[in-house]
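Please read the structure below before turning to the comments.
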Amino acid sequence: MGHAVKPETLRSAIASAVAELKSYEVPGECVRLGLAPGDEGDAFKSKFRYVMHRLRPLAVPELAAVARKVLDEYEAPELDQILASLGMTGIDGEFKNLIFAANGPKPEIVLRDAVNNRLDIVRNAQYCLTYTRPLDAAGLSWAELVNWWQETNPAVSGDQAAAHRPVP
């Protein structure tokens, strides 16, 4: 999945959100966010530049992780909107685990790796409706979902497909 957001745009939105803090709070907050420490005096010159300097070496996936931490703590509508435009992602940057329902016995799902959001369906997987196609930055459209459903269930076609489509 490609990134629709330029790294500099994400860096700037993160720096703007953190720069809302007091100058003396910015260095500690940067460290808490996992960024490199720096000369605290630089934060008093420009809070925005202080944060930008620490964000400079980070690529989009790392920046997205920092942005999520910022949004967990602070109201930052611009940052929230930019992060949302990156699409649905897991920790390594790829979409995972869209399981709609079961059309039979209830599945048993095990969380194998919480950090990377790795799930395994250990029992009754054959009854699970699991969307496995990649998503683009726009997410999943109804048309794509219907197409997947029809291809996954070839016995369902025409008017029968309408009766068996998943409900949004």
Side-chain angles (χ1 to χ4, degrees), residues 1-102 106-122 128-142 144-145 148 166-168:
M1 170 180 359
H3 300 294
V5 173
K6 297 204 181 299
E8 197 63 18
T9 303
L10 193 49
R11 284 184 194 105
S12 180
I14 294 167
S16 293
V18 176
E20 292 293 317
L21 299 173
K22 303 284 185 194
S23 296
Y24 62 86
E25 296 173 317
V26 170
E29 184 62 8
C30 285
V31 170
R32 190 190 72 75
L33 292 169
L35 303 175
D39 181 1
E40 292 184 11
D42 290 342
F44 285 91
K45 295 176 187 169
S46 172
K47 298 180 287 186
F48 180 85
R49 282 193 203 134
Y50 182 91
V51 179
M52 284 293 284
H53 182 71
R54 270 126 205 91
L55 294 170
R56 186 77 49 217
L58 305 182
V60 170
E62 297 161 305
L63 291 167
V66 172
R68 285 186 198 95
K69 289 179 186 177
V70 170
L71 289 173
D72 284 344
E73 296 289 323
Y74 308 104
E75 289 291 323
E78 178 188 3
L79 179 58
D80 194 21
Q81 184 177 15
I82 291 168
L83 194 60
S85 73
L86 287 173
M88 300 175 72
T89 62
I91 193 79
D92 65 358
E94 294 303 318
F95 160 78
K96 297 179 180 180
N97 306 322
L98 183 53
I99 303 170
F100 288 104
K106 182 177 176 179
E108 285 186 33
I109 300 173
V110 175
L111 181 60
R112 294 281 184 211
D113 182 350
V115 171
N116 292 302
N117 193 22
R118 196 175 129 240
L119 300 178
D120 287 337
I121 304 172
V122 295
C128 234
L129 303 175
T130 306
Y131 190 87
T132 56
R133 294 181 180 171
L135 295 181
D136 61 19
L140 179 61
S141 72
W142 178 253
E144 290 168 324
L145 183 61
W148 163 78
V167 177

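For the numbers below, each heavy atom of this structure counts, side chains included, while hydrogens, waters and symmetry mates do not. One-based numbering along the sequence shown.
Here the shortest heavy-atom pairing between Leu63 and Pro7 reads CD1-O, 3.7 Å. Residue Pro107 comes nearest to Cys128 through the heavy atom pair CG-SG, 3.5 Å, listed as atom of the first residue, atom of the second, then distance. Shown here for Gly38 and Tyr50, the closest heavy-atom pair between the two residues is N-OH, 3.2 Å. Nearest heavy-atom pair across Ala64 and Leu10 is N-CD2, 3.8 Å. Pro27 and Ser23 get closest at one heavy-atom pair: CD-O, 3.3 Å.
Side-chain contact between Ile14 and Ile82 is absent, with no heavy atoms from C-beta onward closer than 4.5 Å. At a threshold of 4.5 Å between non-hydrogen side-chain atoms, the residues Val18 and Val70 count as touching. Leu83 is listed as a side-chain neighbour of Arg68, based on a closest heavy-atom distance under 4.5 Å.
Remark: side-chain polar atoms of Ser16 are paired, donor with acceptor, to backbone N or O of Ser12 under 3.5 angstrom. Remark: the backbone N or O of Lys22 is paired with a side-chain donor or acceptor of Glu25 at under 3.5 angstrom. Remark: the backbone N or O of Met52 is not paired with any side-chain donor or acceptor of Arg11 at under 3.5 angstrom. Side-chain atoms of Asp39 come within 3.5 Å of backbone atoms of Gly41 as a donor-acceptor pair (strictly under, hydrogens ignored).
Within a 6.0 Å radius of CZ in Arg49, no more than 12 heavy atoms belonging to other residues, nucleotides or ligands are found. Under a cut-off of 6.0 angstrom, the local environment of CD in Glu40 is sparse, with at most 12 non-hydrogen atoms contributed by other residues, nucleotides or ligands.
At a threshold of 4.0 Å, the pair Lys69-Asp72 does not count as salt-bridged, since none of the basic side-chain nitrogens sits closer than that to a carboxylate oxygen.
Rounding to the nearest 0.5 Å gives a distance of 6.0 Å between CG of Leu35 and CG of Leu58. From Glu62, atom CD reaches atom CG of Leu55 across 10.5 Å, with rounding to the nearest 0.5 Å. The CG atom of Leu21 sits 7.5 Å away from atom NZ of Lys47, with the distance rounded to the nearest 0.5 Å.
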All N/O donor-acceptor pairs, side-chain side in residues 73-81, below 3.5 Å, sequence neighbours left out:
| residue | atom | partner | partner atom | Å |
| --- | --- | --- | --- | --- |
| Tyr74 | OH | Glu29 | OE1 | 3.4 |
| Tyr74 | OH | Glu29 | OE2 | 3.1 |

